[in-house]
Amino acid sequence: MKLASRFGVSYRARCFSREASNHRSIDFIEFSAHSRLLFSLIRNIPGFDAVRFHIRWRFQHPWQEEIPVKGPRFVPFVADASASRVVASLHFYARILRSISRSQIIWISTAPESNVLPDLAFFTLLSVFWRRKMVLSIRDLNRWRRDAEQMRFQDRIRYQLLHFMPRLVFESEEQRAAFLSGRRNFVGSSTSLPVSFSDGLEDWHRSTPQPNSGTQKHRLKIGMLGGVDVARRDYDTVMDALGMLSERDRARVVVSVLGFTHAPESPSILGQLQRIVRIETHNPYIPTRKMMLEFEKCDVLLAPLRSDVGYGAYKGTGAIGDALIANSRVLIPSDIAIDSTATSLVIPYGSAIDLKQHILNLLRGQQRPTIDTSTLDFYRSSVALPRALQELGF
């Protein structure tokens, strides 16, 4: 591997510059940093001779900790933006333009939904000139709706660009239904895919995913999903529920924080939580490789999502994908919209009292956190991806 420049690094496992005309190739483009969900697609998508992806890496830790690179047909391009985002972005755009001319499909893994104007301008360019090749994944439906609250100028552009999109991918059937109900004039094809598949641990050098061993009698380890963010997550209900436990039961609970802890409110939230139960943190940012190991150690996952943000129907959540790849059930608020095919993945709670009772049941071994085999089979990559590609018309 060779360092191409100070700010952009191209890692090529194989040269595809002279692909035969009968070879099928696909380019994945990630405008954000959702590397794990991008790799779930890359590693498992069938029927392509060349699979390339393009992403800017804006963090200081190595990107290899986020993407388990292996396979001869896999060609990653990573623009390192830790030193200069402007230069890395220009390199990012240039490499995409150079690559997509020889690609049969351009799959936008995450579009520019965070109001970065240069990204949106470049995405508009792709939409106008290469729309027939494009597949667009929607993460936050609010960024593409005309009737969304506090709609910005860039949201209006995104709303108009959907007229050009022939194929859309949503994170859930609930999200797809919400889009189609508000956009009845959409004539393209659509499908849904979770951010991870039930056999996803195989991508992290595991021969076969192993089920969790179940709740241990002497303790309960809860993996709390997502970064510490009071705007998106409800920690009050979690702390109220844990605070209702007896001192003996609280001593048997461990909460592993599976997300970033660099937000300004993190010390306060974590300090309050630590006064109730034992907590484990993993530096300001936990690499995906380490998170995979933590998933195996947790007895159950917890997604303390705020109900007023629109998770499930409008805003995608990685909680279902996390439960799938961890082969572990997830405690989640009962008013978060969940697909009917994923109900065995969740343990819903409607209040702090409900959550406390679920935790007690888990501590006492009365509620073994198992998932139906039919659910795991439905979300296996070899089943879910061909189903999605067929719905998209490939």
Side-chain angles (χ1 to χ4, degrees), residues 32-34 36-37 113-114 139-143 149-150 171-172 174-175 194-196 220-245 253-286 288 291 294-295 298-326 328-338 342 345-356 358-359:
S32 184
H34 297 139
R36 178 160 65 89
L37 63 90
E113 296 182 345
S114 57
R139 303 299 170 199
D140 187 351
L141 189 54
N142 291 312
R143 300 279 69 84
E149 295 182 7
Q150 298 179 344
E171 289 191 12
S172 68
E174 291 286 340
Q175 193 183 39
V195 300
S196 296
L220 174 70
K221 187 166 186 176
I222 302 173
M224 190 167 70
L225 302 173
V228 177
D229 186 346
V230 295
R232 298 182 179 185
R233 294 174 181 86
D234 171 21
Y235 300 105
D236 290 339
T237 299
V238 174
M239 288 188 281
D240 287 346
L242 292 172
M244 293 178 191
L245 299 174
V253 174
V254 179
V255 175
S256 179
V257 183
L258 302 180
F260 62 78
T261 57
H262 55 65
E265 64 267 27
S266 294
S268 174
I269 296 297
L270 296 178
Q272 294 177 61
L273 188 58
Q274 195 165 25
R275 286 192 285 271
I276 304 172
V277 294
R278 177 188 163 195
I279 68 170
E280 295 177 356
T281 58
H282 308 278
N283 298 321
Y285 183 90
I286 178 172
T288 301
M291 186 180 292
E294 282 299 307
F295 280 160
C298 292
D299 300 298
V300 70
L301 303 178
L302 168 65
L305 303 174
R306 283 183 52 167
S307 302
D308 57 347
V309 175
Y311 283 110
Y314 291 100
K315 189 174 179 62
T317 170
I320 297 302
D322 289 336
L324 283 168
I325 199 170
S328 177
R329 296 183 74 186
V330 57
L331 295 154
I332 197 168
S334 56
D335 48 6
I336 301 297
I338 301 295
L345 294 168
V346 306
I347 304 174
Y349 63 89
S351 65
I353 295 176
D354 288 346
L355 181 56
K356 180 209 74 169
H358 287 313
I359 293 172

For [X] versus [Y], what's the shortest heavy-atom pair and its separation?
X    : Y    : result
E265 : V228 : OE2-O, 3.8 Å
A313 : L141 : O-CD2, 4.1 Å
G316 : Q175 : N-NE2, 3.6 Å
A303 : P333 : O-CD, 3.2 Å
P304 : Y235 : CG-CE2, 4.4 Å

Residue pair V300, I347: steps toward the side chain to side chain contact (heavy atoms under 4.5 Å, CB included) verdict: CA-CA 10 Å; V300 70; I347 304 174; 4.3 Å; yes
Return yes if some donor-acceptor pair links the side-chain N/O of [X] with the main-chain N/O of [Y] below 3.5 Å, else return no.
X    : Y    : result
E113 : D140 : yes
S307 : I336 : no
Y314 : V309 : no
D299 : K221 : yes
E171 : V195 : no
E294 : V257 : no
R233 : L305 : no
H262 : G227 : no

Side chain to side chain contact (heavy atoms under 4.5 Å, CB included) between Y349 and T237, worked out: CA-CA 10 Å; Y349 63 89; T237 299; 4.0 Å; yes
So, taking the atom named [atom1] in [X] and the one named [atom2] in [Y], what distance separates them when rounded to the nearest 0.5 Å?
X    : Y    : atom1 : atom2 : value
M291 : D322 : CE    : CG    : 6.5 Å
L270 : R275 : CG    : CZ    : 11.0 Å
L355 : L242 : CG    : CG    : 6.5 Å
T281 : L258 : OG1   : CG    : 11.0 Å
K315 : R143 : NZ    : CZ    : 8.0 Å
L301 : R329 : CG    : CZ    : 11.5 Å

Verify side chain to side chain contact (heavy atoms under 4.5 Å, CB included) between M239 and L273, making sure each step is shown before the conclusion. CA-CA 6 Å; M239 288 188 281; L273 188 58; 3.9 Å; yes
Steps toward side chain to side chain contact (heavy atoms under 4.5 Å, CB included) verdict (L245, I276): CA-CA 9 Å; L245 299 174; I276 304 172; over 6 Å; no
Just to verify, which of V330, L302, I332, L331 counts as forming a side chain to side chain contact (heavy atoms under 4.5 Å, CB included) with L225?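 When side chain to side chain contact (heavy atoms under 4.5 Å, CB included) is applied between L225 and each of V330, L302, I332, L331, only V330 qualifies.
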H282 and S256 side chains, donor-acceptor separation under 3.5 Å: yes
Beyond-backbone contact of I320 with V346, side-chain heavy atoms, under 4.5 angstrom: yes
So does R306 pair up with D234, basic N to acidic O under 4.0 Å?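 Looking at R306 and D234, the cut-off is not met.
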